[in-house]
Structures are given as structure tokens and as C-alpha cells.
J.: 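Have a look at this one.
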Amino acid sequence: MEPALVDEKLIPWELNKFKLNPSRNGDVIAHYQINKPSDLTATAQLSPMARPLVCLHLKESENLPKISIMNLRHRYILRVEAVQELQLPVLKQKNIAVVVEPHDGPLTCFLVRLVLTERRSNAVPSQSLRDVIRQIVEAIEELRINGVYHGNLTIHNIYHSRVGGAIVVKLVNFQNRDIELEAAQLMDWVGLGNILHTISTAAKFRDNTASCSIIDHLASKLMALTSTNCLPSIKKDTLDDMFFWDTRRRTMFYIHEIPKALNDNDFVTRVKNHAWPLPWDSKHFGLVKAMNDYREEVAVRDKHKGVNPGPEVLKQYHCNGQDPIHNVQCMSGAYTHQDKIEKDIKDDKDKRMSVDVAVQKEQPELCLALRRLLAAGEAF
């Protein structure tokens, strides 16, 4: 069906007949006969250049049981359409050809073109990268709840498809492991940690100024997994990691969770004892000055009955760059009152920027450090 005429992802069809024929150049061509809705015209004669890649590498017949995983019919698992034993002249033994849904090739081919950092803040991950990793998390969990596993989850065993303008990951190349089921399932999550580590390494190679602390933190947690006790909750715990936090989630953290935490003496002590780079108020693109001005305004109104007491008195309401608690209070206040101060936050080109971008760009480690100090331990 010509893509310009119909939306391919909405066409219901069923594979009726299927045959593989070797071609003279050594390739294998799959011929289909499909059942289609009666109101659609059959016009799917494709030129050789337009034929989609629908065959995985030839697999030995002993791997056939693992192909059943690909019949789970999950969006993020490459789907099998047909399997046929194939005897080629160049091979001594029989092999099986696995015909799958059309795809656009290895995920690495997409990742090399993907922007990995947040817009303007230069912190990894970008929203697009979050979406890709979230899909992999969903696929791993789908395998687990169906009592199976991948067995060799690496960045090279994930393909991708383009559906409309979106990228959809597809897990492929499943393998048997001679270990207990839950141990094999745990190794899938460790494999995800290795994938994140690989992406982080690539991001640092592209730009040595990129902030990779968040992706490195999740990668380290996953690669360090040893106990299968975490499996029932690992999807939830993983998706709750800061790697998946967007601007809205970070804003909620600073507005709601941090003020409450500052009333906890144990948290305050941990913040004071943490090794922070000081002074912390060196730049922030005008954010700190805007917060100091806002504090002066509030002090004049609420504590001095609208009468300006003079700069020396008002200075006591300013943030202290040597005090880490002031840092936390200032950033929390900036998120809370961003509608009052954002007009004064500008980048080096005098272009306005949000509180979140200013904080992420100037203190990319802060949110992660506060989350860890607040939790005083990890979920897994």
C-alpha cells in the first residue's frame, strides 16, 4: 500500500501464504499473500529498491523455541510473521529464516543522530532519549511478566521502527541462558544499565562538557543489581528514577518535597555535611540576584510595613554563597516564584531562560544530590 494513500499502522491484515526464494545475488526474497480488508485496493508491487528488510539473520534450528518470544505481540518486541527452514547451497546444515515485521534497522543507527542532551542545559538525557529508554523498560518488563527473558540485551540487539514521526524500539536476537529464570531476568536489567553506560560514553565523546551524572547514576544502579528480590518493583523504581524526570517533575520536587524536607533536621544535617562546591552563587544567569531582589521586596512589604530600611538592613535577606542550606532554599524558592523572577534570568546572548534551564545548566548535580540525600538510600 502506498504510504501517501493510507496510514499503514491502521491497516488490519493477515499473512495467508509465504515463501522464501534465494535470488541470484545471494539474497533471499520473501513472497507474501495476505488477506486484506475488502475496501482496500491491492497495489503493493514494490520495486527491488523499495522492498523492506523483513528477515533477521539466519538462525540455527535449535534456537527456534526462543523465537516464540517474538509472538508476544508487544509493541516493543520485533514481531514474527513467519518461519521457514531454508537450505542454501553455501550452508551445509539446514537453517531457519525468521520473517519479521518491517523495521528500520539497529537502534544504534538512530542514536548516532539523536540529540542526547536537554535543550540549552547540556544535561543528559534529552526527552527523546528518555522516550527510547522508557520503551526498553516496558519491553523488559513485558518479558518478565510473561515468564521469559531476553538473554543477551545489548544496544546491538535492539532495532527500531518509525511510526509516523515517532521512533518505536524493537527487541530482537533473544538467547537461551543456562541459569535460573529470575537470574536471567535480572541480567536483562543489568543489560539496560550497560546500554545506558554505552550511551553516556558516547555523549561524553561527542561533547566533553555534557553533564552525564543522571544517566551515570541510573546506569550504575542497574549494573550493580545482584538480588532478584527487586524484580517485582523494578520497573516502577526505574521509571521513578531522576533519569525520567522532566521539567514538570523537577519543579514539583523543588516546590513540594524540598520545603518539607528542610523542616527535617536529619536532612538539613546531611545537606550541611555534603561536599558541595562553594561558593555556589557565582553565576546562575541572574537567578540569584533576581531571588535576592524578590526577598528584599517581600521583606519590605511583610517585615518593615512597606518602608525601605536601607541596603544594609536588606542585605541580611540575601542568599549566602558559602551556605549550602541557602543554596537549597534559593533554588526551591526560584522554582516556587518563577513567575516573579524569570523576566530577569537571561543567557549570555541576553535571551530569557527558564528557572529550570538556569539551575540545570549551572548546577546539574544539585537535584540528583538532593534526591539522594532525601532518600538516604536507594530503592534498589
J.: Which pairs with one or both residues in residues 305-314 pass side-chain hydrogen bond (donor to acceptor under 3.5 Å, both in side chains), sequence neighbours excluded?
T.: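 Of all non-adjacent pairs touching residues 305-314, none passes side-chain hydrogen bond (donor to acceptor under 3.5 Å, both in side chains).
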
J.: Check whether any side-chain heavy atom of W245 sits under 4.5 Å from a side-chain heavy atom of I214, and report yes or no.
T.: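 Heavy-atom side-chain distance check fails, nothing below 4.5 Å.
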
J.: Just so I know, are the side chains of V271 and W276 near enough to count as touching, which here means a heavy-atom distance under 4.5 Å?
T.: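 Yes. Closest side-chain heavy atoms under 4.5 Å.
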
J.: May I ask you to test the D356-V359 pair for a side-chain heavy-atom distance under 4.5 Å?
T.: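 The answer is no, as the side chains (C-beta and beyond) never meet within the 4.5 Å cut-off.
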
J.: Looking at every non-hydrogen atom in both residues, tell me the closest pair between V328 and L370 and how far apart they are.
T.: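 Minimum heavy-atom separation between V328 and L370: CG2-CD2, 3.8 Å.
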
J.: For R119, does the CZ atom sit with more than 12 other heavy atoms under 6.0 Å from it, leaving out its own atoms?
T.: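 Not more than 12 within 6.0 Å, no.
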
J.: Taking the side chain as C-beta and beyond, is there a heavy-atom pair between I325 and N320 under 4.5 Å?
T.: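 Of all side-chain heavy-atom pairs linking N320 with I325, none is under 4.5 Å.
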
J.: Looking at residues at least two apart in the chain, or sitting in another chain, which of them share a side-chain contact (heavy atoms from CB on, under 4.5 Å) with V357?
T.: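 For V357, the residues satisfying side-chain contact (heavy atoms from CB on, under 4.5 Å) (neighbours in sequence not counted) are R120, M353, S354.
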
J.: Would you indicate whether the side-chain heavy atoms of L366 and W280 approach each other to under 4.5 Å?
T.: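 Heavy-atom side-chain distance check fails, nothing below 4.5 Å.
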
J.: Strictly below 4.0 Å, N to O, side chains only: are E138 and K235 in salt-bridge contact?
T.: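 Salt bridge: yes.
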
J.: Between R270 and D266, is the closest basic N to carboxylate O distance under 4.0 Å?
T.: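 Result for this pair is no, no salt bridge flagged.
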
J.: Any ion pair linking R134 and D131 (charged N to carboxylate O, less than 4.0 Å)?
T.: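 Yes.
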
J.: Can you check side chain to side chain donor-acceptor pair (under 3.5 Å) on T209 and N122, steps first, answer last?
T.: CA-CA 8 Å; T209 67; N122 212 35; 3.0 Å; yes

J.: Is a side-chain donor-acceptor pair under 3.5 Å present for H150 with Q175?
T.: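 Looking only at side-chain atoms, H150 and Q175 do not form any donor-acceptor pair under 3.5 Å.
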
J.: With hydrophobic residues grouped by side-chain heavy-atom distances under 4.5 Å, do L192 and L107 end up in a single group?
T.: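 Yes, because L192 and L107 connect within a single hydrophobic cluster, where side-chain heavy atoms sit under 4.5 Å apart.
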
J.: Carefully, step by step, assess D281 and Q322 under the rule side chain to side chain donor-acceptor pair (under 3.5 Å).
T.: CA-CA 8 Å; D281 61 344; Q322 298 293 333; over 6 Å; no

J.: If the plane angle is over 60° it's perpendicular, under 30° parallel, otherwise tilted; pick one for Y317 and H304.
T.: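 If you compare the ring of Y317 with that of H304, the planes turn out perpendicular.
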
J.: Above 12 or not: heavy atoms from other molecules or residues under 6.0 Å from NE2 of H274?
T.: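 Result for NE2/H274: enclosed.
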
J.: Do I133 and V115 belong together in a cluster built from hydrophobic side chains that touch within less than 4.5 Å?
T.: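 No, it is not one cluster - the side chains of I133 and V115 are not joined through contacts under 4.5 Å.
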
J.: Is atom NE2 of H284 surrounded by more than 12 heavy atoms (other residues, nucleotides or ligands) closer than 6.0 Å?
T.: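 Result for NE2/H284: enclosed.
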
J.: Among pairs that include at least one residue of residues 104-115, which meet side-chain hydrogen bond (donor to acceptor under 3.5 Å, both in side chains), considering only residues two or more places apart or in two chains?
T.: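 Sorted result for residues 104-115: empty, none.
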
J.: Does any non-hydrogen side-chain atom of V355 lie less than 4.5 Å from one of I345?
T.: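 The answer is yes; the side chains approach within 4.5 Å.
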
J.: Taking V148 as the starting point, is it possible to reach V169 by hopping between hydrophobic residues whose side chains are less than 4.5 Å apart?
T.: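 Linked within one cluster.
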
J.: Give me the atom names and distance for the closest heavy-atom approach of A203 to C212.
T.: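 That would be CB-SG, 4.1 Å.
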
J.: So that I can tick it off, tell me whether E101 and R75 are bridged by a salt bridge, with the cut-off set at under 4.0 angstrom between side-chain N and carboxylate O.
T.: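 No, this pair does not count.
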
J.: Quickly, which of Q127, Q360, R130, K361 forms a side chain to side chain donor-acceptor pair (under 3.5 Å) with E118? Name it, please.
T.: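 Exactly one option meets the side chain to side chain donor-acceptor pair (under 3.5 Å) with E118, and it is R130.
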
J.: Is there a path of hydrophobic side-chain contacts, each under 4.5 Å between heavy atoms of I, L, V, M, F, W or Y residues, that connects M223 with I140?
T.: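 Different clusters: M223 never reaches I140 through Ile, Leu, Val, Met, Phe, Trp or Tyr contacts under 4.5 Å.
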
J.: Around K204, counting heavy atoms of other residues, nucleotides and ligands shown, do more than 12 lie under 6.0 Å from its NZ?
T.: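 Counting other residues, nucleotides and ligands, NZ of K204 exceeds 12 neighbours.
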
J.: Any heavy-atom pair between the side chains of L143 and I77 that's under 4.5 Å?
T.: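 Yes, at least one pair of side-chain atoms sits under 4.5 Å.
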
J.: Under a 4.0 Å threshold between the charged nitrogen and the carboxylate oxygen, would R249 count as salt-bridged to E257?
T.: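 Salt bridge flag = yes for R249 with E257.
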
